Amino acid sequence: MDPETFEKSRLYQLDKSNFSFWSGLYSETEGTLILLLGGIPFLWHVAGSVTARFGFSPDYEITQSLLFLTLATLFSAITGLPWSLYNTFVIEEKHGFNQQTLGFFLKDAVKKFVVTQCILLPVTSLLLYIIKIGGDYFFIYAWLFTLVVSL
């Protein structure tokens, strides 16, 4: 490797490493604050309120769980968007690797969210249903289901 290529690679890796440190620190801080400030119970309550508003009783915990997951992944996608934008349009652009436009990037983020929901929600609803009807050995059935989905 010639010295110029080596130096470009070194600078790119330094930028990526620095970005990784700060985004990881933010992620850990965000997760800690969510736990300490009761973000998960709050989101569960919001999901319960919304499902109740649509006429579902508390017995519909699978419906409430799916709405909770949708809200949680939406929150995660929104809070992760600035980091992803910075990575793509600052770091990658600085080193000549970015080929995306802002419109394509946002369209891709929406598609990613939709595909995630299309996979996450049915799998989660089946897992919760297995747990609900599994009886004393629900953990074996849940493990088998998880194994099959993973494979």
Side-chain angles (χ1 to χ4, degrees), residues 1-51 53 60-132 134 138-151:
M1 181 182 295
D2 64 88
E4 183 181 338
T5 304
F6 175 78
E7 185 62 18
K8 285 181 181 179
S9 176
R10 186 184 74 78
L11 291 174
Y12 176 65
Q13 288 304 320
L14 280 173
D15 283 348
K16 292 289 280 186
S17 178
N18 191 26
F19 173 78
S20 179
F21 171 78
W22 289 109
S23 66
L25 181 63
Y26 169 81
S27 180
E28 291 298 322
T29 304
E30 178 187 65
T32 301
L33 287 173
I34 287 170
L35 289 174
L36 290 175
L37 299 176
I40 293 173
F42 172 76
L43 204 56
W44 181 256
H45 176 72
V46 168
S49 297
V50 171
T51 54
R53 196 169 292 153
Y60 288 87
E61 66 268 0
I62 293 176
T63 304
Q64 184 175 349
S65 298
L66 296 179
L67 182 58
F68 171 81
L69 277 175
T70 301
L71 293 173
T73 54
L74 181 62
F75 176 81
S76 178
I78 290 170
T79 59
L81 189 61
W83 294 99
S84 188
L85 282 166
Y86 184 84
N87 184 47
T88 302
F89 292 103
V90 176
I91 295 175
E92 299 291 321
E93 186 78 31
K94 176 181 175 182
H95 296 280
F97 297 125
N98 181 30
Q99 301 297 319
Q100 290 186 330
T101 63
L102 182 60
F104 182 77
F105 178 87
L106 294 175
K107 201 179 331 177
D108 194 44
V110 169
K111 287 179 189 177
K112 179 181 174 185
F113 180 79
V114 169
V115 169
T116 299
Q117 297 310 303
C118 288
I119 295 169
L120 179 68
L121 296 180
V123 170
T124 303
S125 63
L126 283 171
L127 180 62
L128 291 172
Y129 183 72
I130 289 168
I131 291 169
K132 188 175 181 177
F138 77 90
F139 59 93
I140 294 173
Y141 306 132
W143 175 78
L144 286 171
F145 175 75
T146 305
L147 178 68
V148 169
V149 169
S150 296
L151 291 176

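We number each residue from 1, following the sequence as shown. All values reported here derive from a predicted model rather than from experimental measurement.
Using a 4.5 Å heavy-atom cutoff, the side chains of T51 and Y60 are not in contact. For the pair I91 and Y12, the minimum side-chain heavy-atom distance is below 4.5 Å.
Not one N or O on the side chain of T124 forms a donor-acceptor pair closer than 3.5 Å with the backbone of L121.
The number of heavy-atom neighbours closer than 6.0 Å to CZ of F139, taken from other residues, nucleotides and ligands shown, is above 12. The environment of CZ in F42 is sparse: at most 12 heavy-atom neighbours from other residues, nucleotides or ligands sit within 6.0 Å.
Screening residues 138-148 for side-chain hydrogen bond (donor to acceptor under 3.5 Å, both in side chains), with sequence neighbours left out, gives no hits. Note on residues 99-115: no pairs pass side-chain hydrogen bond (donor to acceptor under 3.5 Å, both in side chains), not counting sequence neighbours.
Contact record, I131 with A142: CG1-CB, 4.3 Å, taken as the closest heavy-atom pair. For the residue pair F138 and I130, the shortest heavy atom distance occurs at CB-O, 4.3 Å. The two atoms that bring T73 and Q117 nearest to each other are OG1-NE2, 2.7 Å, heavy atoms only.
Under the salt bridge (Lys or Arg N to Asp or Glu O under 4.0 Å) criterion, E28 pairs with no residue, sequence neighbours left out. Under the rule for a side-chain contact (heavy atoms from CB on, under 4.5 Å), the partners of H45 that lie at least two apart in sequence or sit in another chain are S49. Listed by chain and residue number, K132 satisfy the salt bridge (Lys or Arg N to Asp or Glu O under 4.0 Å) test with E61 (two or more places apart in sequence, or in another chain).
Separating the CG atom in D15 from the OG atom in S20 is a distance of 12.0 Å, to the nearest 0.5 Å. Going from atom OG1 of T29 over to atom CG of L25 covers 4.5 Å, rounded to the nearest 0.5 Å. Atom CG of residue L66 and atom CG of residue L69 lie 6.5 Å apart, to the nearest 0.5 angstrom. Here CZ of F113 is found 6.0 Å from OG1 of T70. Values are rounded to the nearest 0.5 Å.
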Please table the atom pairs, donor to acceptor, closer than 3.5 Å between any side-chain atom in residues 76-87 and protein atoms at least two apart or in another chain.
residue	atom	partner	partner atom	Å
T79	OG1	E30	OE2	3.1
T79	OG1	F75	O	3.1
T79	OG1	S76	O	3.2
N87	OD1	K16	NZ	3.3

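Side-chain contact of N98 with E93: a donor-acceptor pair under 3.5 Å is present, judged by distance alone.
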